[in-house]
Colleague: 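Quick one: structure below, then a few questions.
From a predicted model like this one, the values you see are computed outputs, not experimental measurements. Start at 1 and go down the list; that is how both ligands and their atoms are numbered.
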Amino acid sequence: MSSTPLSTSPLAGLIDALGSGAVRVVDLTQPLSERTPILQLPEPFVNAPGLTRHEISKFDDRGPAWAWSWLEIGEHVGTHFDAPIHWITGRDGEDVASVPPGRLVGPAVVIDKSAEASADPDYLLTVDDVRALEAEHGPLPQGGWLLLRTGWDARAGDQEAFLNVEHGRSRTPGPDAECARWLAQESPIVGFGVETVGTDAGSAAAFDPPFPAHSHLLGAGKYGITQLANLAQLPPTGAIVVVAPLRLVDGTGSPARVLALVPGG
Ligand code: 23J
Ligand code: MN
């Protein structure tokens with residue numbers, strides 16, 4: 001093929017940059033295993049099962065040259081995607097399979113509240129925080145993903161540290177109710193991502209509405225992603241995020257591979 005179509009392609013620069021290392025691919029996905037921390041809702045609610053692997057064969061009589069297993073896993077386990085139909089406010093919206101692929105790739109904006117969350121595990125992100133970020137880095141982009149950095153990814157190997165339950169309540173950061181409403185209804189982003197077990201703060205069952213990130217964002221046809229890793233490797237703006245859940249028909253969510261394209265070797 002002639003080089004003309006490639007060199008005139010808007011992807012030509014990206015292809016070169018991936019080849020030269022001027023753009024790096026950062027894995028924002030936590031490893032998925034039997035030890036992946038899972039959400040623990042209080043009684044009387046029912047929780048999702050974590051990963052269990054069932055061996056089909058392992059180079060034995062059941063399959064002499066192949067190893068494989070089948071998986072038992074909740075839709076909302078590990079680094080995962082929340083589809084609108086996960087929540088009652090979005091019940092008439094998209095399942096995972098119906099999400100247009102263009103909405104799964106977009107500009108990432110990272111808001112770093114790791115110092116705040118380290119000082120106060122109940123830290124709540126506010127509209128003022130996002131406005132301050134916009135004042136410094138420009139408005140949130142149309143079709144973008146706002147990613148909340150809290151430093152919580154360092155705890156992801158340890159269920160107890162990750163859920164951080166004290167006196168029966170989970171102390172983890174997240175957006176306050178007004179911030180969740182604003183992101184859903186007034187901002188141009190399509191999704192909100194976090195390092196914690198859910199897009200809502202640990203204390204959010206008591207907010208008005210309960211679980212406002214789920215309620216407002218999914219109700220507005222927007223999306224969530226959780227249990228992200230390596231947000232520290234992203235600039236505040238300028239990265240592209242690729243969110244890849246299973247295309248699960250009628251799925252309310254799915255474990256996902258989440259990748260970022262990041263400029264600067
Ligand atoms: C169900 C109920 C409450 C919450 C969640 C699920 C999640 O965090 C989730 O994974 O969507 S907070
Ligand atoms: Mn979920």
Side-chain angles (χ1 to χ4, degrees), residues 28-30 32 36-51 72-91 93-99 103-104 117 121-125 145-148 150 152-153 155-156 159 162-165 168-177 179-181 183-184 190-229 241 243-248 250-258:
L28 303 185
T29 318
Q30 291 287 358
L32 178 61
T36 293
I38 39 189
L39 178 70
Q40 297 296 324
L41 295 170
E43 295 268 348
F45 306 120
V46 178
N47 286 296
L51 175 66
E72 178 183 332
I73 189 171
E75 293 172 314
H76 298 256
V77 171
T79 302
H80 76 268
F81 177 85
D82 287 347
I85 64 163
H86 176 44
W87 218 254
I88 192 164
T89 49
R91 66 192 301 167
E94 292 163 356
D95 65 343
V96 186
S98 303
V99 175
R103 285 167 64 86
L104 297 174
D122 299 309
Y123 186 78
L124 298 181
L125 185 75
W145 285 78
L146 179 66
L147 307 178
L148 173 59
T150 54
W152 229 256
D153 63 343
R155 302 171 178 241
Q159 163 112 354
F162 195 67
L163 299 183
N164 199 34
V165 175
R169 54 184 216 95
S170 181
R171 301 188 63 189
T172 61
D176 72 13
C179 184
R181 190 203 62 76
L183 290 173
V190 298
F192 176 59
V194 298
E195 297 174 346
T196 44
V197 76
T199 52
D200 270 297
S203 52
F207 293 2
D208 180 21
F211 306 108
H214 286 81
S215 182
H216 287 303
L217 286 156
L218 303 180
K222 296 184 175 184
Y223 316 114
I225 37 173
T226 69
Q227 263 166 277
L228 293 171
V241 67
V243 181
L246 298 180
R247 197 172 178 193
L248 182 64
D250 296 332
T252 70
S254 163
R257 194 72 181 253
V258 183

Colleague: Could you tell me which N, O or S atom of His76 is nearest to the Mn ion (ligand 2)?
Modeller: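 This residue's closest N, O or S atom turns out to be ND1.
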Colleague: Gly198 heavy atoms, cut-off 4.0 Å: which ligand 1 atoms fall inside?
Modeller: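 So the atoms of ligand 1 that pass are 8 (O).
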Colleague: When you measure from atom 10 (O) of ligand 1 to every protein heavy atom, which one gives the shortest distance, and what is it?
Modeller: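 Protein heavy atom with the smallest distance to atom 10 (O) of ligand 1: His80 NE2, 3.1 Å.
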Colleague: I'd like the name of whichever of Phe81, Trp87, Phe211 reaches closest to atom 2 (C) of ligand 1 through any heavy atom.
Modeller: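 Shortest heavy-atom distance from atom 2 (C) of ligand 1: Trp87.
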Colleague: Taking the non-hydrogen atoms of Asp82, is any one of them nearer than 4.0 angstrom to ligand 1?
Modeller: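 Judged by the 4.0 Å heavy-atom criterion, Asp82 does count as contacting ligand 1.
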Colleague: Quick one: look up the protein heavy atom nearest atom 12 (S) of ligand 1 and list residue, atom name and how far away it is.
Modeller: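 Result: His214 CE1, 3.5 Å.
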Colleague: Look at the N, O or S atoms of His214, main chain and side chain alike, and state whether any lies under 2.8 Å from the Mn ion (ligand 2).
Modeller: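 Short answer: no, not a single N, O or S atom is under the cut-off.
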Colleague: Measuring from atom CG of Asp153 to atom CG of Leu228, what distance do you get when rounded to the nearest 0.5 angstrom?
Modeller: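 It is 9.0 Å, given to the nearest 0.5 Å.
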Colleague: Please report, to 10°, the angle around the Mn ion (ligand 2) from atom OD1 (Asp82) across to atom NE2 (His80).
Modeller: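 It comes to 100°.
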Colleague: With a sphere of 6.0 Å drawn around CZ of Arg257, does it hold more than 12 non-hydrogen atoms of other residues, nucleotides or ligands?
Modeller: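 No, CZ of Arg257 has 12 or fewer neighbouring heavy atoms, counting only those of other groups under 6.0 Å.
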Colleague: Can you find a pair of side-chain heavy atoms, one from Arg169 and one from Ser203, that are under 4.5 Å apart?
Modeller: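 Side-chain contact under 4.5 Å: yes.
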Colleague: In terms of relative ring orientation, are Phe81 and Trp145 parallel, tilted or perpendicular, with 30° and 60° separating the classes?
Modeller: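 Tilted, since the angle between the ring planes falls between 30° and 60°.
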Colleague: Do Ser170 and Gln40 have side-chain heavy atoms sitting under 4.5 Å apart?
Modeller: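 The answer is no; the side chains never approach within 4.5 Å.
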Colleague: Verify, without hydrogens or angle tests, whether Thr79 (side chain) and Thr29 (backbone) share a donor-acceptor contact under 3.5 angstrom.
Modeller: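 No.
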Colleague: Going by distance only, is there an N or O of Thr199 that falls short of 3.5 Å from an N or O of ligand 1?
Modeller: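 No, Thr199 has no N/O under 3.5 Å of an N/O on ligand 1.
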Colleague: What protein heavy atom is closest to atom 4 (C) of ligand 1, reported as residue, atom name and distance in Å?
Modeller: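 The closest heavy atom on the protein side is Leu39 CD2, 3.6 Å.
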Colleague: What residue and heavy atom of the protein are closest to atom 6 (C) of ligand 1, and at what distance?
Modeller: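 Here the nearest protein heavy atom works out to His86 NE2, 3.4 Å.
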Colleague: Can you tell me if Thr252 and His76 form a side-chain donor-acceptor pair at under 3.5 Å?
Modeller: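 Side-chain D/A pair, Thr252 to His76: present.
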Colleague: Can you tell me how far the CD atom of Gln227 sits from the CG atom of Leu32, to the nearest 0.5 Å?
Modeller: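 Answer rounded to 0.5 Å: 9.0 Å.
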Colleague: With the threshold set at under 4.0 angstrom, would you say Asp200 reaches ligand 1 through any of its heavy atoms?
Modeller: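 The answer is no: ligand 1 sits nowhere under 4.0 Å from a heavy atom of Asp200.
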